[in-house]
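Numbered from 1 within each chain, the chains take letters A, B, ... in sequence-line order. The structure presented is a predicted model; accordingly, all values stated were derived computationally and were not measured.
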Protein chains: 2
Amino acid sequence: MILEQSIKGKSKKQLISEAAAQLFRDKGYTATSMRDLAEKVNLKASSLYNHIGSKEEILRDICFANGQRFNEGMEEVEQLHAPAVEKVRALIRLHIQIATEDVTSVTAFNDEWRHLSEPYLSDFRQLRRNYERRFQAIIEEGIRNGEFKALDPFATLYTIFSSMRWLYDWYKPERKVSPEQLYEQISTLLMSGLVNEK
Amino acid sequence: MILEQSIKGKSKKQLISEAAAQLFRDKGYTATSMRDLAEKVNLKASSLYNHIGSKEEILRDICFANGQRFNEGMEEVEQLHAPAVEKVRALIRLHIQIATEDVTSVTAFNDEWRHLSEPYLSDFRQLRRNYERRFQAIIEEGIRNGEFKALDPFATLYTIFSSMRWLYDWYKPERKVSPEQLYEQISTLLMSGLVNEK
DNA sequence: CCTACCGATCGGTAGG
DNA sequence: CCTACCGATCGGTAGG
């Protein structure tokens, strides 16, 4: 069985989770039925439960797995011995990398986490708040030492954060745009602004 | 009856629509039941149908009303005899104004339009594409005449667009932040960038 | 992995 | 505006 998995590369559970992420992205978590999902993996709805515990468990796995990806990226960035501007650039790169690497999963994570029930909802919110605080601390560091303009750190955090959300709706692997090209465009806009200096 | 409405200021239909927008924002369109909505306006579910045609009709009204607000704003901006940079600033102000004026309605519009059925879904997409194209044309104008950096117009459009989406999640009238303060922060970041020029 | 089926809930209608 | 109710569909279980 382990052999079989390692040949195919993916367990049935993983296949179900990936199909679910696609449906969650297309129709939303609530509008996705277990029968939709079953059909997508050529199973009857009841058979899904041999591989997963519940519909919400799938969502939970997606949300926390992506939360962890962001937090691991943050960890690395924090350890950089570099100016705040380089750290923020690295975080922009991180967001784009995650978005383009596994866009369906990250979209479900981003848009559907509110359908988590307690206590997972609170756990998730805490995870997210933690990430945001660390991001904001880097922005504040840059403002303090004069690298950044003296903008409101919270508004700046959220504007940067949000500014890449369109990738979740728009990006498909078929679009032959490299993460690096996107990074170039987005980081220039956010760091230097749209307007040409005279 | 007309008198009664003009004293209260709002028709029952409007009250239902506003309650629905709040629920759509909190739980999403699909997860909002007509029984939830009925309870919120102190009615039985069946009685809602004396004021509205269907659940989707409510969503439809919200989506197209907000679409119109954006398009009317765009109309005004296009008629400005001003450099592209002023037009983009005016559009940023427009997005912030709409977001803070009626945040529940605009959030439902933004997040739930995909639950529209045909032919409304196609109509909506066209309305939106039209708005985006006009926004992009202004960006291209600014690039052409050297006001803006030579970034990719599409990526620029979407990054600016997206960058204000956090207001839909975060903003509440109770937060005593003025649209003008938000405009100051966001437009500075997008137009001039986060980094301090030396 | 399937068939058969559960109680709950959905959007909406009939009729008064 | 309500009570009563419709068929459809939901997430999930039993049992093999």
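Contacts of A:Thr30 with the nucleic acid, taken as non-hydrogen atoms under 4.0 Å apart, are absent. Residue B:Leu48 is classed as having no contact, given no heavy-atom separation below 4.0 Å to the nucleic acid.
The CG-P distance, from A:Asn50 to D:dT13, rounds to 11 Å in whole Å. Across the protein-nucleic acid pair, A:Arg35 atom CZ and D:dT9 atom C1' stand 7 Å apart, rounded to whole Å. What separates NZ of A:Lys44 from P of C:dT3 is a distance of 5 Å, to the nearest Å. Between A:Asn42 atom CG and C:dC1 atom P the separation is 10 Å, expressed in whole Å. Between A:Glu56 atom CD and D:dC10 atom C1' the separation is 15 Å, expressed in whole Å. Distance, A:Leu23 CG to D:dG11 P: 11 Å, rounded to whole Å. Between the P atom of D:dT9 and the CG atom of A:Asp36 lies a distance of 11 Å, rounded to the nearest Å. Residue B:Leu37 contributes atom CG, which lies 11 Å from atom P of C:dG12 at whole-angstrom precision.
The same ILVMFWY cluster, assembled from side-chain heavy atoms under 4.5 Å apart, contains both B:Phe135 and B:Phe124.
Here the side chain of A:Leu43 is nearest to one of D:dT13, C:dC2, D:dC2, namely C:dC2. In the set C:dC2, D:dG12, C:dG11, the nucleotide with an atom closest to the side chain of A:Ser54 is D:dG12.
A donor-acceptor contact shorter than 3.5 Å links the side chain of B:Gln185 to the backbone of A:Asp152. In this structure, the side chain of B:Ser17 does not engage the main chain of B:Lys13 through any donor-acceptor pair within 3.5 Å.
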Evaluate B:Phe109 against B:Phe64 for ring-ring contact (aromatic ring centres under 6.0 Å, His included), listing each step before the verdict.
CA-CA 8 Å; B:Phe109 150 83; B:Phe64 286 95; 9.3 Å; no

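The phosphate of C:dT9 (OP1 or OP2) has no side-chain N or O of B:Ser33 nearer than 4.0 angstrom. Within the structure, every side-chain polar atom (N or O) of A:Ser46 is placed at least 4.0 Å from both OP1 and OP2 of D:dG12. The shortest distance between the side-chain N/O atoms of A:Lys12 and the OP1/OP2 oxygens of C:dC1 is below 4.0 Å.
Under 4.0 Å is where a charged nitrogen must lie from a carboxylate oxygen, and between B:Arg93 and B:Glu184 no such pair does. Ionic pairing of B:Lys44 and B:Glu39 is not present here: no N-O contact between side-chain nitrogen and carboxylate oxygen is shorter than 4.0 angstrom.
Under the 4.5 Å side-chain criterion, counting only non-hydrogen atoms from C-beta, A:Leu91 is in contact with A:Tyr131.
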Tell me, what's DNA chain D's dot-bracket, Watson-Crick or G-U with both distances under 3.5 Å, | for other-strand, [ ] crossing?
||||||||||||||||

